[in-house]
There are 2 protein chains.
Amino acid sequence: MAERRSDATRAAILVAARERFASDGYERATIRAIAADADIDPSMVMRYYGNKEKLFAAAAEFDLQLPDVSAIPPDQLGAGLARHFLNRWEGDDTLTALLRAAATNEAAAARMRDLFGVQLLPVVAAACPDPADAPRRAGLVATQMLGLALCRFVLRLPPVVEMPAEEAAAWVGPTIQRYLTAPQ
Amino acid sequence: MAERRSDATRAAILVAARERFASDGYERATIRAIAADADIDPSMVMRYYGNKEKLFAAAAEFDLQLPDVSAIPPDQLGAGLARHFLNRWEGDDTLTALLRAAATNEAAAARMRDLFGVQLLPVVAAACPDPADAPRRAGLVATQMLGLALCRFVLRLPPVVEMPAEEAAAWVGPTIQRYLTAPQ
DNA sequence: AGTCGATGCCAACACCTGTTGGCAAACGTG
DNA sequence: CACGTTTGCCAACAGGTGTTGGCATCGACT
């Protein structure tokens, strides 16, 4: 498929959609507002993405880019993962969009579950002693990382917002480490 | 003020509102649906609560009922708080409603910040070594407890949902404990 | 019995939503 | 140049939203 002239429009829509979904959530992010941000007509959004649901699906495509666990010393896994999550979150609106939307939109919640099942679970399975424990351990890791993201990027709890990323990772790292490798 | 005949209606509205806000979030919980659940006319909601925002404010009124820290052995504070949070969450729709709504509604987010500032912060201040650290420590506690609630009651991550409350508290307890009392 | 406020429902409003179809201009190709 | 396709905008639809005002009914009190 050759490069089309409309690719720029498609991309602009996606950027605007991510920003709106991230700041407003699924229902309050209107197609009209997204189109206005992208400086095009609302009907263009429909033509290129079908409907709002599919637009969100396209905008919420995300790769956590989790590192290879075997490349990290086992005792620094927790801190490493914590730092990686925070970096990934700060640099991209997509995860905040997904998190905000997932609170009220079932499809977005399903996407979130998928994200952690497909991307986080294997990493945890490779890092924890007994692979049979992996789901539970991955779930626990999710509670801490998503909770941190929720307080920092969505609810904006002042103490959590003001904390430097480095310090947040230092606090949360041992928690992740324990969820990954602690016995029982 | 004597008891009015409309008190039952008022209460029914509040119950229906909490359920709807908890399961649908702020925007998708419509006044019409709430009124239908309460078996009354939508205009009644307006008469008794003014508008949707005020209705939510009334429905999201919540007391964490945090225990007196001095009554608990200092080394069991983390586990105790974790259990208390989970109990409080399971037994009442209000917190889920607040959490879901806070993801997309700024007023709800402000309410959540207030809840933690007014109710959680003093408890943490009384429990941690240096009161000057209290805000940061309370923020960290919030990340773990809200993250757990998010994964369990909102996103419904299977491993976190299936985990018995007792086990969840056992895992999360030491984390809370560390956030409360660990040095630095 | 008659009065007055409280309670409730109905119908409607103004607005916003996702979504659609048609029409004009621009483009690439023969 | 003429052709069909792509890209874009405009106008409109149908349905849902919060919210309002008017009108009937009920209850209590004089």
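Throughout, protein chains are lettered first and strands after them, A, B, ... in sequence-line order, and every chain is numbered starting at 1.
B:Tyr26 and B:Phe56 have perpendicular rings, their planes meeting at more than 60° on a 0 to 90° scale where under 30° would count as parallel. Ring geometry, A:Phe153 versus A:Trp89: the interplanar angle falls under 30°, so the pair is classed parallel (tilted spans 30 to 60°).
Taking atom CD1 of residue A:Ile40 and atom C1' of nucleotide D:dT6, one finds them 15 Å apart after rounding to whole Å. One can place CZ of B:Arg32 at 10 Å from P of D:dG16, the figure rounded to the nearest angstrom. For A:Asp7 and D:dT7, the CG to P distance is 8 Å, given to the nearest whole Å.
If you check residues 9-31 of chain A against DNA chain C, the residues with a heavy atom closer than 4.0 Å are A:Ala29, A:Thr30, A:Ile31, listed by number. Interface residues of residues 42-54 of chain A facing DNA chain C, ordered by number: A:Ser43, A:Met46, A:Arg47, A:Asn51, A:Lys52; criterion, heavy-atom separation under 4.0 Å.
Annotation: of the two residues near DNA chain D, A:Asp41 and B:Asp41, the 5′-most nearest-nucleotide partner is A:Asp41.
Side chain to side chain, A:Thr175 and B:Tyr179 meet the donor-acceptor criterion of an N or O pair below 3.5 Å. Checking A:Arg28 against B:Thr104 by side-chain atom types alone, no donor-acceptor pair falls below 3.5 Å.
For A:Phe116, there are no ring-ring contact (aromatic ring centres under 6.0 Å, His included) partners at least two apart in sequence or on another chain.
For D:dT7, one of the phosphate oxygens OP1 or OP2 lies less than 4.0 angstrom from a side-chain nitrogen or oxygen of A:Ser6.
Closest heavy-atom contact between A:Phe85 and A:Leu66: CE1-CD2, 4.3 Å.
A salt bridge is absent between A:Glu162 and A:Arg152; no separation between the charged side-chain nitrogens and carboxylate oxygens falls under 4.0 Å.
A:Trp171 has its side chain within reach of A:Met163: a pair of non-hydrogen atoms, C-beta onward, lies under 4.5 Å apart.
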